[in-house]
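For reference, the structure discussed in these notes is given below.
All values below were derived from every heavy atom in this structure, side-chain atoms included, with hydrogens, water molecules and symmetry-related copies excluded.
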Amino acid sequence: MPVENFDAIVIGSGISGGWAAKELTEKGLNVLMLERGRNVEHIKDYMNATKDPWELEHRGRGTLQMKETHPILSRDYPFNETNIDFWVNEKEAPYTEIKPYNWFRGYQIGGRSLTWGRQTYRWSDADFEANAKEGIAIDWPVRYKEIEPWYGYVEKFIGVTGSTEHIPHLPDGFFQPAMEMTCVEKEISKKIHSFYQGKRRMIVGRSANLTQPKDNRQQCQYRNKCWLGCPFGAYFSTQSSTLPAALATKKLTVKPNAIVTKILYDKDLKKATGVEVLDALTNRTYEYKAKIIFLNASTLNSAWVLMNSATDIWPDGLGSSSGELGHNLMDHHSGVHASGTIEGFEDKYYYGRRPNGIYIPRFRNINDDKRNYLRGFGYQGSSSREDWSRNIAEMSVGAALKEILSEPGQWKMGLAGYGEVLPYHENRISLDKNRKDKWGLPVLAVDYELKDNEMKMRDDMLNDAIEMLSNAGVKNISSSALLNGQPRSTSIHEMGTARMGSSAKNSVVNKHNQVWDALNVFVTDGAFMTSASCVNPSLTYMAFTARAADFAVSELKKGNL
C-alpha cells in the first residue's frame, strides 16, 4: 500500500478546511489537503457564473432527472439547474432519515464555501455563557474574550461588509464599508427603532462580500449570483481566498477524489499516525502519515470519520470514550416567514442586485425580556419591488399587460426567522451498517427533531415578525411557519456531534479543539460546537480553526504532539 508522509493532514476543503490549510502552511508545515469530491478551479470551473437565464437549457429550473439524483435537495430552494454540480449526488451518497432531516452537502474542492449565504456574525458572551447559566448540556470551556482576537484576524482576511452598531449581544467587528439599505428598509428600520425604543433594531446584513478590492480580489459587482461561484473573487470562498494563500507557500498538496475512511491510531503512542484514503475514482486504498490531523469534513461527516476510526479500541470510534460522539446535533430552525406591501415609495427604486439583506438581531430573552422558552432568534430579510413576473389577475394577455409589466410593481418587505436549537443528547447521528454508499461504505442515520422549546419559540418568531411589519406600516401581510408534521432543517447550519468541553468524561474535544482520545487530532468544523446561538456560525468555525492551528504548531514545536 503506497504511503506518503506530511507534517499535517487536513481532511476537507470547505470553509474551515481551507483555513486550516492556510494557517498550517503559513506557519511552515508541509500539508496535505484531502477532499472526497472533485476539483473545482477558481473562475475556470464556474460554468454558469456569467450566463443569462436564457442560455441555460431549462432556464435555471430543476428537472426530473435532477430530482432523481437529488431527492433531498429537491425539497427546498437550493434545487435548480444553475449550480446542481455543487451539490452531492444523493443516489451515490445516501443517508438514512430516522426522522425527516434535510442534509444538503457539497462534495468538491471548496465544499459549501462556494454556496454559503455569507452572513457573518460574531458570537457574544451571552452565547458562550448560556449553557452554564441555564443548566443546559455542558458549559463552553471558552469565553468571548478568548475568541475575540481570532474573530478580528479572520474578518480582516476574508473581508466583511457591515455597520458598527454597538449592540452588546452582537459584537461589532472589522468591517469594509456597509452595503446600503433600500429606501424602504431605511424607513422600516427607523420605525422599528422608534416604536420599540431601541430594544429592537434592523441593521444591514454583515456579509463576506467585498465592497472594496482586497489582495487579488475585486469588489462585489452586485450581480447576486454568488452561489454560482464568483469570477471576481468578491465573496469569501476557499477558492478565492484561503487556497491561493496556502498554495503561495509551496507547502500544500491538494488531492481531490480522496475519501478518508478512517484516522489511523497507534494505541501504544496514544495518538493518530495518519489516515486511510479510498480513491473515489479507482477504489484503490492509500495511507498518508502525518504528525497532526485537522478534521474538517463538515459536522456530520467529521463524526462519521471518527466513528469509523480506532474501532478495535473504542467500538463506537475514536473520540467516543465520553459517550457523546454523534450526539447533540443542532441546526437553526427556520421556515418562518412574513411579508407584505408598503406604500409611499412608488417613485423610488434601487440599483443592482445586492447579494445581502437586512438583519434584526435577537431581542427575546435579552436583558429584562423573559419568555416561556430559552434562547432566541434573529431575522434576515429584504425589500424589493415586484418585477415583470408578478401576477396581474385583471390582465392576462395583450399590449396592456406588456405595458404595465414594463413598470415596477409594489414594494414588498419580508422577514425570515432563524432560531436557536438546544443541544439535546438524543438528537444524534449513528452509522447505518445495513446500508452502503456507492463505495461500499456505511452511511449515516440521522435522528433529529425540534422539541417543545423550539415550538414555543416559533410562535414568537411568527407573531413578532407580523407585529413588527405592521407597526412599521407594512400592509397586506401574509405569513407561514412551515411544519410538514415536523420541521426539517433548511438552514444548512449543522452543528454538534463532537462537542467541545472541559472534561474528557462529557465531551469529544477540549478547549483547543483536540480530540481527548488523540490530542494530535483537531476538529474545527461545526462538529465541535457546544451550543448553536441564533446567528450564522461560519465565522466562529473560522476563528476557532485559526486559533487551533496556532496552538497546534506551537505544541508541535514544543514536542508535545
Side-chain angles (χ1 to χ4, degrees), residues 2-46 108-111 113-114 150 153-154 156-159 210 213-218 229-233 235-260 272-275 277 279-281 286-297 520-522 524-525 541-543 545-559 561:
V3 178
E4 294 183 54
N5 290 280
F6 296 85
D7 295 324
I9 292 172
V10 177
I11 304 170
S13 63
I15 281 174
S16 61
W19 263 96
K22 170 190 176 296
E23 293 300 299
L24 295 172
T25 53
E26 289 183 342
K27 295 178 187 301
L29 272 58
N30 289 310
V31 177
L32 171 65
M33 175 189 277
L34 298 168
E35 166 57 52
R36 67 172 293 154
R38 66 190 177 100
N39 188 32
V40 172
E41 290 188 32
H42 186 42
I43 302 176
K44 181 177 80 71
D45 290 331
Y46 303 154
Q108 64 266 327
I109 295 294
S113 78
L114 290 171
W150 295 106
Y153 178 74
V154 169
K156 291 175 185 177
F157 183 80
I158 68 175
L210 299 183
K214 180 176 177 17
D215 303 324
N216 294 319
R217 300 165 56 199
Q218 297 303 308
C230 182
F232 306 94
Y235 76 84
F236 168 78
S237 67
T238 297
Q239 273 84 344
S240 71
S241 194
T242 48
L243 185 56
L247 290 171
T249 67
K250 309 295 185 185
K251 291 182 176 295
L252 180 67
T253 301
V254 180
K255 290 188 181 293
N257 300 303
I259 303 173
V260 175
T273 58
V275 298
V277 170
D279 188 302
L281 301 180
Y286 299 84
E287 284 187 8
Y288 298 101
K289 300 290 187 178
K291 300 169 186 174
I292 58 175
I293 295 169
F294 268 66
L295 182 50
N296 301 94
N520 63 333
V521 177
F522 294 78
T524 67
D525 57 18
Y541 305 165
M542 291 187 267
T545 299
R547 173 177 174 268
D550 184 69
F551 177 81
V553 174
S554 174
E555 290 292 285
L556 197 60
K557 289 178 178 178
K558 293 174 185 176
L561 294 178

Inset, instruction - Might you point out which heavy atoms bring V521 and A272 nearest each other, and give the distance in Å? - result: CG2-CB, 3.5 Å

Inset, instruction - Hey, could you give me the CD1/CG distance between I293 and L32, rounded to the nearest 0.5 Å? - result: 10.0 Å

Legend entry - Closest non-hydrogen atom pair, L210 against G159: CD2-CA, 3.6 Å

Legend entry - Distance-minimising heavy-atom pair for G229 and Y235: CA-OH, 3.6 Å

Legend entry - Pairwise distance CD(E26) to OG1(T242) - rounded to 0.5 angstrom: 10.0 Å

Inset, instruction - Would you indicate whether the side-chain heavy atoms of M542 and F157 approach each other to under 4.5 Å? - result: no

Legend entry - Nearest non-hydrogen partners of T238 and I15, listed with the distance: OG1-N, 4.2 Å

Inset, instruction - Apply side chain to side chain contact (heavy atoms under 4.5 Å, CB included) to I292 and L24, showing your working. - result: CA-CA 10 Å; I292 58 175; L24 295 172; 4.1 Å; yes

Legend entry - Heavy-atom side-chain proximity of L243 to I109 below 4.5 angstrom: yes

Legend entry - Nearest heavy atoms of M33 and S13, plus distance in Å: SD-CB, 3.4 Å

Legend entry - Steps toward side chain to side chain contact (heavy atoms under 4.5 Å, CB included) verdict (V40, Y46): CA-CA 8 Å; V40 172; Y46 303 154; 4.1 Å; yes

Inset, instruction - Hey, could you give me the CD/CD1 distance between E4 and I9, rounded to the nearest 0.5 Å? - result: 10.0 Å

Inset, instruction - Any side chain to side chain donor-acceptor pair (under 3.5 Å) involving residues 246-257? Give me the pairs, sequence neighbours left out, ordered by first then second residue. - result: none

Inset, instruction - Using atom types as modelled and distance alone, determine if a side-chain donor or acceptor of R217 lies under 3.5 Å from a backbone N or O of I158. - result: yes

Inset, instruction - Taking S240 for its side chain and H42 for its backbone only, find out whether a donor-acceptor pair lies under 3.5 Å. - result: no

Inset, instruction - Using the test ring pair (Phe, Tyr, Trp, His ring centres under 6.0 Å), find all partners of F6 that sit at least two apart in sequence or belong to another chain. - result: none

Inset, instruction - Provide the closest heavy-atom pair for A246 versus L252 in the form atom of the first, atom of the second, distance. - result: CB-CD2, 3.7 Å

Legend entry - Heavy atoms from other residues, nucleotides or ligands near NZ of K289 exceed 12 (cutoff 6.0 Å): yes

Legend entry - L34 side, atom CG; I259 side, atom CD1 - distance, nearest 0.5 Å: 11.5 Å

Legend entry - Test side chain to side chain donor-acceptor pair (under 3.5 Å) applied to Q239 - qualifying residues, sequence neighbours left out: none

Legend entry - N296: side chain to side chain donor-acceptor pair (under 3.5 Å) partners, not counting sequence neighbours: S16, T524

Inset, instruction - Without swapping roles, check the side chain of N520 against the backbone of L561 for a donor-acceptor pair under 3.5 Å. - result: no

Inset, instruction - Not counting sequence neighbours, which residues clear side chain to side chain donor-acceptor pair (under 3.5 Å) with Q218? List them please. - result: none

Inset, instruction - Classify the ring geometry between Y288 and Y286 as parallel (under 30°), tilted (30 to 60°) or perpendicular (over 60°). - result: parallel

Inset, instruction - Would you please name every residue forming a ring pair (Phe, Tyr, Trp, His ring centres under 6.0 Å) with F522, sequence neighbours left out? - result: F294

